[in-house]
Amino acid sequence: MQKSSENFLVIGHRGARGHAPENTLLAIERGIALGAHAVEFDVQLHPSGALLLLHDLTLQRTTNGRGALRGCSYETLRALDAGEGEKIPTLDEALELIAQRVIVNVELKTSEGTAAAVAAVLRRFIGKGWPAQRFLVSSFDLPELRQFKRIAPEIPVGALLGGVPLDLAACATELEAVSLNISAEFLDAQLIADAKARGLKIYVYTVNESTEIAALRALGIDGVFTDFPDRAVAI
Ligand code: G3P
Ligand code: MG
């Protein structure tokens, strides 16, 4: 991972979810405009083979559709409104828009082939001149993330945790990860110390209050995922 000039990575969460409909091109562009050093978005593999940016497995919270993503045709999904007239973007569209301006954290939300499909797309962009270090691939699904690392060892991965494992940060070392992406709800001194001892970056999600962002920075955390990149950049 490249370091930001301030050595504290501001990662726009789902683009910049506090400012625009999450996981849309508008949110990504807004995140970059607000000064984020990186943008994170969630990617799912649709049965058609398309890689689509959506957080939930169902459509109703973030679009005007209903039911499961995988239960709808690609054409139907692409006709939906994901907020403010935005479409559900493809991974290709997101990367074309970003055009290497910031680091890209692709979070794999599905398994069963998602790793291979995402690796193929990222490699295509690397072939067009993107440095591999411009990407960070993460997932709560650590077996799928391991599969990704096996397919594309040149692309950095981050172990994404929703809690504190019994063996602390050991999974990240096993995955050859560069970072541990941990929940602010489970900040644990032992986990942080173990991650640091292993040479891992520590990125914390999802932190929206300026005072909390400042406190994490003072703790020696390496970056935050935030819906409001402007707040983190201002610190
Ligand atoms: O990758 C950090 C964060 O996005 C993980 O949680 O549920 O917002 O995808 P979630
Ligand atoms: Mg996410």
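Numbering of residues begins at 1 and proceeds along the displayed sequence. Worth saying up front: this structure is predicted, and the values here are computed from it rather than measured. Every number for a ligand or one of its atoms is a count from 1 in the order of the listing. Only this structure's heavy atoms are used, side chains among them; waters, hydrogens and symmetry mates stay out.
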Just which atoms of ligand 1 are under 4.0 Å from any heavy atom in [X]?
X: Lys109; result: 7 (O), 9 (O), 10 (P)
X: Arg14; result: 7 (O), 8 (O), 10 (P)
X: Asp42; result: 9 (O)

task = Would you indicate whether the side-chain heavy atoms of Ile192 and Leu180 approach each other to under 4.5 Å?
result = no
request  = Decide yes or no for Tyr203 and Val224: does some side-chain heavy atom of the first lie under 4.5 Å from some side-chain heavy atom of the second?
outcome  = no
Which atom, among the N/O/S set of [X], is closest to the Mg ion (ligand 2)?
X: Glu40; answer: OE2
X: Asp42; answer: OD1
X: Glu107; answer: OE1

key: Distance-minimising heavy-atom pair for Arg70 and His46   = CA-CD2, 4.3 Å
task = Kindly confirm or rule out an N or O of Tyr205 lying under 3.5 angstrom from an N or O of ligand 1.
result = no
Ligand 1 N/O within reach of Glu40 N/O, cut-off under 3.5 Å = yes
remark   = Counting heavy atoms under 4.0 Å, the part of Asn181 that contacts ligand 1 is neither
ask   = Relative to each other, are the rings of Phe135 and Trp130 parallel, tilted or perpendicular (30° and 60° limits)?
value = parallel
Close approach, Phe140 and ligand 1, non-hydrogen under 4.0 angstrom = yes
inquiry  = Does the residue Thr206 have a heavy-atom contact with ligand 1, meaning some pair of atoms that are separated by less than 4.0 Å?
reply    = no
message = Other residues, nucleotides and ligands only: do more than 12 of their heavy atoms fall within 6.0 Å of CZ on Arg198?
response = yes
note = When Val204, Ile202, Leu161, Leu136 are each screened for side chain to side chain contact (heavy atoms under 4.5 Å, CB included) with Asn181, the one that passes is Leu136
key: Arg231/Glu212 salt bridge by N-O under 4.0 Å criterion   = no
ask   = Where the closest heavy atom to atom 7 (O) of ligand 1 is concerned, which of Glu22, His13, Glu107, His55 has it?
value = His55
task = Take Thr206 and Asp227 through the side chain to side chain donor-acceptor pair (under 3.5 Å) test and state the conclusion after the steps.
result = CA-CA 7 Å; Thr206 301; Asp227 298 333; 5.3 Å; no
